[in-house]
2 protein chains.
Amino acid sequence: MEKYRQLNIKLTPQRLAILDYLRDNTNHPSAEDIFKAVKKKFPTMSFATVYNTLETLLNKGGIHELKIETGKKRYDYDVTPHHHIICIKCRKIVDLYKDYKIPLPDEITREFELINKTVEFYGTCRNCKKRH
Amino acid sequence: MEKYRQLNIKLTPQRLAILDYLRDNTNHPSAEDIFKAVKKKFPTMSFATVYNTLETLLNKGGIHELKIETGKKRYDYDVTPHHHIICIKCRKIVDLYKDYKIPLPDEITREFELINKTVEFYGTCRNCKKRH
DNA sequence: GTTTTTGACAAGAACGGTTCTAATCTGATA
DNA sequence: TATCAGATTAGAACCGTTCTTGTCAAAAAC
């Protein structure tokens, strides 16, 4: 796959499995989610490999790290700019592809060189709403 | 102080010290920041008390919890709605008092009952920029 | 005014996610 | 085939947070 090649890293079987899992599971999995899934294919898989691979991919810009939970990080294969809606009950995360132009006051732009922004919406999804 | 009274909790000396620290340190301190500072006044202070108090204050709506870092939570005495600009180098957080109206597409509002939103800007502050 | 009850505090253990360490393995290159 | 850098592994260490247990102090009940 083209994206894989662009990463310009050694594509070991473990790394491929991690990448494939991320590509096929767009529900923003955590390191543990990835570990559990990939361990089925590679029983000797360790957390170190998951974290090492994630860091390598991060540095190459192949994935995004979501800091939406405080307890654990979640990962996103989709690196095109987008925002998220998070269900505060089940922690489901839904993507939102919209480019919001949000003006910043001058006193901020004088003080900060802006790099990027995230907009996060919190609410309850229909499922969690039903079972009140 | 008026806000303290409105919290409607038993204002023990330890809790007062924590509240005072939060009121006087608007740099969004972490639990450890609070612990270290208040321990000077109460050498027997424990983390349990800090966390217990923070949770009580949270439940009473007296403070806000910022989930900007993944590793640790940070706390905000200011509960009026506002957003943040975060320096990716020194993790300084600056407040931004602006009420952005951000429209959500219908397919989202059908699926989610929106509760609130956060807008976070990331960049480098002038200080960190200087020492490139 | 003493006893009882309630809730806050303290110390440290436990926990969960992440990072580090040291040893081993793999695979590309010479 | 030998070399060597980099990847993998298992488990220890780490850090922030939560939990547990016992103690203490203030308020309520008697």
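Only heavy atoms go into these numbers, but all of them, side chains included; no hydrogens, no water, no symmetry mates. Chain A is the first sequence line, chain B the second, and so forth, proteins listed ahead of strands; every chain is numbered from 1.
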Next on the checklist: For A:Glu65, I'd like to know if atom CD has over 12 heavy atoms of other residues, nucleotides or ligands within 6.0 Å.
Outcome noted: yes
Checklist entry - Are the charged groups of A:Arg74 and A:Asp76 less than 4.0 angstrom apart, N to O? => result no
What's the closest nucleotide to the side chain of [X] if the choices are [options]?
X       : options                : result
B:Thr49 : C:dG7, C:dC9, C:dG17   : C:dC9
B:Thr44 : C:dA11, D:dT18, D:dT9  : C:dA11
B:Met45 : D:dA7, D:dG16, C:dA10  : C:dA10
A:Lys72 : C:dT18, D:dG16, D:dT8  : C:dT18
A:Tyr51 : D:dG16, C:dA8, C:dT19  : C:dT19
B:Lys73 : D:dT18, C:dC9, C:dA10  : D:dT18
B:Ala48 : D:dT17, C:dG12, C:dG17 : C:dG12

Checklist entry - Reckon A:Asn52 touches a base, only the sugar-phosphate, or nothing at all at heavy-atom distances under 4.0 Å? => result base
Checklist entry - Which part of the nucleic acid, if any, lies within reach of A:Thr12 when heavy atoms closer than 4.0 Å are counted: base, sugar-phosphate only, or nothing? => result sugar-phosphate
Item to check | Phosphate OP1/OP2 of C:dT26: any A:Gln14 side-chain N/O under 4.0 Å | outcome: no
Checklist entry - Counting just side-chain N and O atoms, does B:Thr70 come under 4.0 Å of either OP1 or OP2 of C:dG17? => result no
[X] has an atom [atom1]; how far is it from atom [atom2] of [N], in whole Å?
X       : N      : atom1 : atom2 : value
A:Phe42 : C:dC25 : CZ    : P     : 17 Å
B:Glu69 : C:dG17 : CD    : C1'   : 16 Å
A:Leu54 : C:dT18 : CG    : C1'   : 11 Å
A:Leu11 : C:dT26 : CG    : P     : 18 Å
A:Asn8  : D:dA7  : CG    : C1'   : 16 Å
A:Arg15 : D:dA7  : CZ    : C1'   : 6 Å
A:Asp33 : C:dT18 : CG    : C1'   : 15 Å
B:Phe35 : D:dT18 : CZ    : P     : 15 Å

Item to check | Stacked cation flag B:Lys41 on B:Tyr21, 6.0 angstrom / 45 deg | outcome: no
Checklist entry - Between B:Asp33 and B:His28, do the side chains contain an N or O donor and an N or O acceptor separated by less than 3.5 Å? => result no
Checklist entry - Which residue lies toward the 5' end of DNA chain D, B:Arg74 or B:Lys10, if each is placed at its nearest nucleotide? => result B:Arg74
Next on the checklist: Closer than 3.5 angstrom, by distance alone: can the side chain of A:Lys117 be matched with the main-chain N or O of A:Tyr100 as a donor-acceptor pair?
Outcome noted: yes
